[in-house]
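Everything below concerns the one structure shown next.
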There are 2 protein chains.
Amino acid sequence: MATVRRLSVVSEAELAQEPEVHALEEETAGLLQVGQLAKIVGKTVRAIHLYEDLGLLRPAERSKGRFRLYEKDAIERVRWISKLQAAGFSLPELREILKEHESTPTAKEAARRLARAYQAKLREVENKLRELRRIERELGASLAYLEACESACDEHVTSGSCPSCDRHRDRPAPPALVLGAFAQ
Amino acid sequence: MATVRRLSVVSEAELAQEPEVHALEEETAGLLQVGQLAKIVGKTVRAIHLYEDLGLLRPAERSKGRFRLYEKDAIERVRWISKLQAAGFSLPELREILKEHESTPTAKEAARRLARAYQAKLREVENKLRELRRIERELGASLAYLEACESACDEHVTSGSCPSCDRHRDRPAPPALVLGAFAQ
DNA sequence: ACCAACTCTCACCTGTACGTAAGAGTTAGT
DNA sequence: ACTAACTCTTACGTACAGGTGAGAGTTGGT
């Protein structure tokens, strides 16, 4: 009978299914192997390694055989990376934030600098939000127009005539996202 | 006196400054050179060339010397590319849309297919909007917390104690985006 | 001792969207 | 004809965020 040695860490979206044969030694010591950390935060081992190469994350220690062992705060750190990545920071940019941070002696000054970086990015995020909302509207308008084609158009009509279509009620001009596709 | 031969096309954001020495021959013919097109849509010539390589854009014709000459609808096409890029489409994905489109004989069917692609992307855009709004909130909360440090913190405090800070009124837990930076 | 699962360190590969430069040719005004 | 500005093709380079694989070593249960 092969008792499988399996690092069972509950991933973010996983139904309880494994019989949980053995608790892990590193888990009991409160430390995580790279694969466990990766599973918890939903990243690959490769990604975790990359973050380390870029100076974003360090294992608390290594096992005798040089296995990386992480404290729980590494989970926070990786989630921090993921969120700010989604906010538009590149990994090198995040490294800059951490470096600036580590080289700042007082907490107050560190807070000021972090605030400055976040402030600038908040403005970018707000701009991106405006852009995406505009695109959301345009996609919606295009979908409405395209669904109207279903009843307004005939099977024998070719797409060449779409840019100058007059079959829709009130003859609206096709939205830009429709025109752009049919143009040329 | 050197009368400069300058393709003066008004770029998106440009104050009226050039004396507009000469109107262009191609402009009068209603056709645009690649540099003019690029300036109008705020892209580089290289980008326009790339779009052509990827099958997203074709010049209406070429001059005797093989200069690309574009109709005005190329402007629409490039703007279509830019918007859908911002929506999250890659250039190869846009090529797929156009290919599918060109290979579809009837306008009605083409409309259906375009609608399907837009529908899927609209859902992605909505997800991204949700994510960005969440990040916007988290950045805002972090900024509020960090600004409170300004009055709550002392100069001699080092950043190592930030994760367990108790100097803020009501002793709130630091937001995740603050913790992640100070962790480790 | 043995084995499965896990991890290690290179190191090269992928896709996306261009940037940049070189060397040659074109266009139109003078 | 000369020239400045523009364009052509080709091709290599860049930044980002990992993916993939090789070959070797580690860990812990049986």
Side-chain angles (χ1 to χ4, degrees), chain A residues 1-9 18 21-29 31-39 41-54 56-57 59 61-70 78 81-82 84-86 88-96, chain B residues 1-9 18 21-29 31-39 41-54 56-57 59 61-70 78 81-82 84-86 88-96:
Chain A
M1 188 212 277
T3 308
V4 183
R5 181 188 166 251
R6 178 80 156 289
L7 297 185
S8 45
V9 174
E18 301 275 325
V21 182
H22 275 287
L24 275 293
E25 85 295 358
E26 292 306 350
E27 194 185 326
T28 61
L31 294 177
L32 299 167
Q33 287 188 198
V34 64
Q36 298 177 291
L37 174 59
K39 199 167 188 183
V41 298
K43 296 272 171 182
T44 64
V45 170
R46 174 64 171 115
I48 305 289
H49 285 165
L50 177 65
Y51 299 160
E52 184 174 344
D53 285 349
L54 297 181
L56 299 179
L57 182 66
E61 43 181 298
R62 296 271 192 146
S63 73
K64 283 166 290 181
R66 298 198 42 76
F67 280 25
R68 291 168 178 82
L69 299 175
Y70 296 92
V78 178
I81 294 171
S82 298
L84 290 184
Q85 251 188 316
F89 284 95
S90 72
L91 298 183
E93 280 172 337
L94 292 181
R95 179 175 122 270
E96 284 309 305
Chain B
M1 188 213 276
T3 309
V4 183
R5 182 189 166 248
R6 178 78 157 287
L7 297 183
S8 45
V9 173
E18 301 275 327
V21 183
H22 274 290
L24 275 295
E25 85 293 0
E26 294 305 350
E27 194 185 325
T28 61
L31 294 177
L32 299 166
Q33 287 188 200
V34 64
Q36 298 176 292
L37 174 59
K39 200 167 187 184
V41 299
K43 297 272 171 182
T44 64
V45 170
R46 174 65 172 110
I48 305 289
H49 285 166
L50 177 66
Y51 300 160
E52 183 174 344
D53 285 349
L54 296 181
L56 299 179
L57 183 65
E61 43 181 299
R62 297 271 192 145
S63 74
K64 284 166 288 180
R66 297 196 45 75
F67 280 25
R68 292 168 177 82
L69 300 175
Y70 297 91
V78 177
I81 294 171
S82 298
L84 291 184
Q85 251 188 315
F89 284 95
S90 71
L91 298 183
E93 280 173 337
L94 292 181
R95 180 175 121 270
E96 284 309 305

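Residue numbers begin at 1 in each chain, while the letters A, B, ... track the order of the sequences. None of these values were measured; they are calculated from a predicted model.
Between dT27(C) and Arg68(B), no contact under 4.0 Å exists linking OP1 or OP2 to a side-chain N or O. Within the 4.0 Å cut-off from OP1 or OP2 of dC8(C), at least one side-chain nitrogen or oxygen of His49(A) is found. At dG18(D), none of the side-chain N or O atoms of Thr44(A) fall inside 4.0 Å of OP1 or OP2 (strictly under the cut-off).
You'll find that the side chain of Arg46(A) is closest to dT20(D), out of dT7(D), dA17(D), dT20(D). Picking from dC18(C), dT9(D), dG18(D) the nucleotide with the shortest atom distance to the side chain of Gln85(B) gives dC18(C). The listed nucleotides are dC16(D), dT26(C), dG19(D); the one nearest the side chain of Ser63(B) is dT26(C). The listed nucleotides are dC6(C), dC8(D), dT9(C); the one nearest the side chain of Phe67(A) is dC6(C). Across dT9(C), dT7(C), dA17(C), the shortest atom-to-atom separation from the side chain of Gln33(A) is found for dT7(C).
Atoms CG and NZ, from Leu37(B) and Lys39(B) in turn, are 13.0 Å apart once rounded to the nearest 0.5 Å. To the nearest 0.5 Å, atom CG of residue Leu84(A) and atom OG of residue Ser90(A) are 11.0 Å apart. With values rounded to the nearest 0.5 angstrom, Phe67(A) atom CZ is found 14.0 Å from Glu61(A) atom CD.
Comparing Arg66(B) and Tyr51(A), the nucleotide of DNA chain D nearest to each residue sits closer to the 5' end for Arg66(B). Taking for each of Tyr70(B) and Phe89(A) the nucleotide of DNA chain D with the nearest heavy atom, the 5'-most of the two is the partner of Tyr70(B).
Going from atom CD1 of Ile48(B) over to atom P of dT7(D) covers 11 Å, rounded to whole Å. Rounded to an integer number of Å, the gap from CD of Glu93(B) to P of dT16(C) is 8 Å. The nearest whole Å value for the distance from the CD atom in Gln36(A) to the C1' atom in dT7(C) is 12 Å. In this structure, Asp53(A) atom CG and dG19(D) atom C1' are separated by 14 Å, rounded to whole Å. Glu52(B) places its CD atom 15 Å from the P atom of dC18(C), with the value rounded to the nearest Å. The CD-P distance, from Glu61(B) to dC8(D), rounds to 13 Å in whole Å. One atom, NZ of Lys64(A), and another, P of dT7(C), lie 17 Å apart when rounded to the nearest Å. Here the C1' atom of nucleotide dC6(D) and the CZ atom of Arg62(B) are 14 Å apart, to the nearest Å.
Across every non-hydrogen atom of Val45(A) and Ala38(A), the tightest pair is N-CB, 4.0 Å. The shortest heavy-atom contact between Gly88(B) and Glu93(B) is O-OE1, 3.8 Å.
Leu50(B) is listed as a side-chain neighbour of Leu91(B), based on a closest heavy-atom distance under 4.5 Å. For the pair Gln33(B)/Arg68(B), no side-chain contact is recorded, criterion being any heavy-atom separation below 4.5 Å from C-beta on.
Considering Leu31(A), Val78(A), Ile48(A) as possible partners of Tyr70(A), the one that fulfils the side chain to side chain contact (heavy atoms under 4.5 Å, CB included) test is Ile48(A).
Axis angle, first five pairs versus last five pairs of the helix from dA1(C)-dT30(D) to dT30(C)-dA1(D): 0°, rounded to 10°.
The residue Leu50(A) sits close to a base: some heavy atom pair falls under 4.0 Å.
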